[in-house]
Number of protein chains: 2
Amino acid sequence: MKLEAFKNDITMKIVLVGAGNLATNMGKALFKAGYDIVQVYSRTMESAALLAEKLEAAPTNNIEEITTDADVFIFSVKDSVLPELISNVCEKRQDCTFIHTAGSMPIELFKGKALSYGVLYPMQTFSKDKEVNFKEIPCFVEGSDKQTSVLISSLAETISNNVRFLSSADRKYLHLAAVFACNFANHCYALAADLLQQKNIPFDVMLPLIDETARKVHKLAPHEAQTGPAVRYDENVICKQMELLNSNLLTKEIYEKMSQSIHSKALMK
Amino acid sequence: MKLEAFKNDITMKIVLVGAGNLATNMGKALFKAGYDIVQVYSRTMESAALLAEKLEAAPTNNIEEITTDADVFIFSVKDSVLPELISNVCEKRQDCTFIHTAGSMPIELFKGKALSYGVLYPMQTFSKDKEVNFKEIPCFVEGSDKQTSVLISSLAETISNNVRFLSSADRKYLHLAAVFACNFANHCYALAADLLQQKNIPFDVMLPLIDETARKVHKLAPHEAQTGPAVRYDENVICKQMELLNSNLLTKEIYEKMSQSIHSKALMK
């Protein structure tokens, strides 16, 4: 009981390195959970200030000015700039814990640069104009040692109800699966929107179908839920539909490959 | 007022030609709306009987035994068998109205075979194990003449709150768009499921992401909602992810084409 009470009195000081969509959503969730966000770094002062204001934090666009007076540093930036930022920030802060949030990047990025480090990957699609409920987001955690794993997962559990441990090796596959289930599924919506626009049909008519397609896989495995001309490879329909795509060869190739893949999956049942 | 009362007294006699997923869902909706489903035809007596029982109708698997004592015949069968069935059934029933439900098939299938005919395409993905709310399904209607168009749309409006007229020429594009937004999006889920299975990660972890991806396009256009490595064509991530797909070349090609297509769409913004 005493330990619990004591634990609740600890206020972690957090620095957010990054102010993009993920940093914004996670920063807000951490702030709401009572953490002390002391500073927000971003390449531009404008975006640092925009997020810092919401989190009652200090903004900076100067790496040299990132504070040393914090417990946890969370890197939430583009994959391409992550290694360099880690090198810059971890130096001289050996008593702190460092976390990155990138699904496709390994924990090893921190190796030799910090003592306590790990990953907190919230698997969700974040856009600036669309609020999400962080509590529902599956968060995947990995730590440099047991203590750090516990620290990161207890931090994750204050903002999400769905926290799991996952190694970098397995997270690579999880992130790739997320690219298919989110980015590629969304691109299928985008290609549908292009086709409808050609005939001045509003995209809204597609929403009940999109919703039901997503709802279905809560009850059925995706391959069981599959319908449409490709399942039995109905060549008559498939050929006619491919003809409609003659003006966009890349979309036509996508149609062909997807239909072949659906059919080969159906044959394996 | 009198006309309304009179209209409500008319009970249309309907024959369902077909007993698959769409016929089952639509048959139930029509039965619930008070129509008299007099007969259900299917290639096998088993499936004819299964649906007929639910609709208090007579089952048959013999085309010769399809009744002439009905007002409306609804064809809801595989595209490949539709022309032949239409030829067989429409003969000798020139005073009836004939409707097919196939998104990709033109109204012209009936030409020269019937006088009053049309299309009622309910754009949804139907599976036997998953009930759908027919009221929410967008239904696209076309008729051989104004009277038939009105007849089919008033029939459609008793089972759906979302009825529109659409020509066969435009419906081809709508159906193709539905293949992308439903069948191909669902296949993206299936490919994600395969990847997760390789690492023994339960598919359930993907559901919040799938739901949010679908929810997002209620507020943002799909190309605005897009995230992930392909938008800026992050070659580092894309190359590493393609390597993970070396064991399945078709999936790898899909990954490549989709990424290229997402990127070219992002450049057009």
Side-chain angles (χ1 to χ4, degrees), chain A residues 79 104 123-125 127 130 132 136-138 170 173-174 176-193 195-196 198-199 201 205-214 216-219 222-223 225-228 230 234 237 241 244 250 253-254 257-258 261-262 265, chain B residues 79 104 123-125 127 130 132 136-138 170 173-174 176-193 195-196 198-199 201 205-214 216-219 222-223 225-228 230 234 237 241 244 250 253-254 257-258 261-262 265:
Chain A
D79 292 1
S104 67
M123 189 176 65
Q124 191 50 283
T125 169
S127 292
K130 177 78 177 65
V132 294
E136 290 171 359
I137 301 175
D170 285 358
Y173 285 83
L174 178 77
L176 178 56
V179 166
F180 276 94
C182 169
N183 305 151
F184 292 177
N186 181 73
H187 192 55
C188 293
Y189 307 159
L191 294 173
L195 287 161
L196 295 177
Q198 279 183 47
K199 297 292 158 188
I201 303 170
V205 303
M206 220 32 97
L207 294 175
L209 182 61
I210 286 171
D211 291 345
E212 175 65 12
T213 305
K216 250 177 139 174
V217 293
H218 286 247
K219 293 207 169 186
H223 73 272
Q226 193 57 279
T227 58
D234 185 337
V237 177
Q241 295 203 320
L244 300 182
L250 185 52
E253 280 182 296
I254 288 171
K257 301 290 174 201
M258 289 294 264
S261 181
I262 289 171
K265 184 100 192 140
Chain B
D79 292 1
S104 67
M123 189 175 67
Q124 191 48 283
T125 169
S127 292
K130 178 77 177 65
V132 293
E136 289 171 0
I137 301 175
D170 286 357
Y173 285 83
L174 178 78
L176 178 55
V179 166
F180 277 93
C182 168
N183 305 151
F184 292 177
N186 181 73
H187 192 56
C188 293
Y189 306 159
L191 294 173
L195 288 161
L196 295 177
Q198 279 183 48
K199 297 292 158 188
I201 303 170
V205 302
M206 220 33 97
L207 294 175
L209 182 60
I210 285 171
D211 291 346
E212 175 64 13
T213 305
K216 250 176 138 174
V217 294
H218 285 247
K219 295 209 169 185
H223 74 272
Q226 192 58 278
T227 58
D234 185 337
V237 177
Q241 295 203 319
L244 301 181
L250 185 51
E253 281 182 294
I254 288 171
K257 301 289 175 201
M258 289 294 264
S261 182
I262 289 171
K265 184 102 190 135

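This is a predicted model, so every value here is computed, not measured. Chain naming here is simple, since letters A, B, ... match the order of the sequence lines and numbering starts at 1 in each.
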Nearest heavy atoms of [X] and [Y], plus distance in Å:
{"X": "Cys188(B)", "Y": "Phe180(A)", "value": "CB-O, 3.2 Å"}
{"X": "Leu174(B)", "Y": "Met206(A)", "value": "O-CE, 4.0 Å"}
{"X": "Ala192(A)", "Y": "Ala177(B)", "value": "CB-O, 3.3 Å"}
{"X": "Met258(A)", "Y": "Phe184(B)", "value": "CE-O, 3.3 Å"}
{"X": "Ser261(B)", "Y": "Ile254(A)", "value": "CB-CD1, 3.6 Å"}

Highest number of heavy-atom pairs under 4.5 Å with chain A: which of [options]?
{"options": "Val205(B), Val132(B), Ile137(B)", "value": "Val205(B)"}
{"options": "Gln198(B), Lys219(B), Gln124(B)", "value": "Gln124(B)"}
{"options": "Asn186(B), Val179(B), Asp79(B), Leu244(B)", "value": "Asn186(B)"}
{"options": "Glu136(B), Lys199(B), Met123(B), Lys265(B)", "value": "Lys199(B)"}

Side chain, backbone, both or neither of [X] within contact of chain A (heavy atoms, under 4.5 Å):
{"X": "Ile262(B)", "answer": "both"}
{"X": "Val237(B)", "answer": "side chain"}
{"X": "Glu253(B)", "answer": "side chain"}
{"X": "Lys216(B)", "answer": "both"}
{"X": "Ala193(B)", "answer": "side chain"}
{"X": "Asp170(B)", "answer": "both"}

### With Glu212(A) via salt bridge (Lys or Arg N to Asp or Glu O under 4.0 Å) - residues at least two apart
Arg215(A), Lys130(B)

Just give me the residue among [options] that pairs up with chain B most often, heavy atom to heavy atom, under 4.5 Å.
{"options": "Val217(A), Leu209(A), Leu195(A), Ile210(A)", "value": "Leu209(A)"}
{"options": "Asp234(A), Leu196(A), Asp211(A)", "value": "Asp211(A)"}
{"options": "Ala225(A), Ser104(A), Cys182(A), Ala230(A)", "value": "Cys182(A)"}

### Query
With only heavy atoms counted, which part of Ile201(A) is less than 4.5 Å from chain B, the side chain, the backbone, both or neither?
side chain

### Message
Does any backbone or side-chain atom of Asn183(A) lie under 4.5 Å from a heavy atom of chain B? Answer side chain, backbone, both or neither.
### Response
both

### Query
Do Leu207(A) and His218(B) have side-chain heavy atoms sitting under 4.5 Å apart?
yes

#### Entry: Exercise: do Thr227(A) and Thr125(B) side chains pair donor with acceptor under 3.5 Å
yes

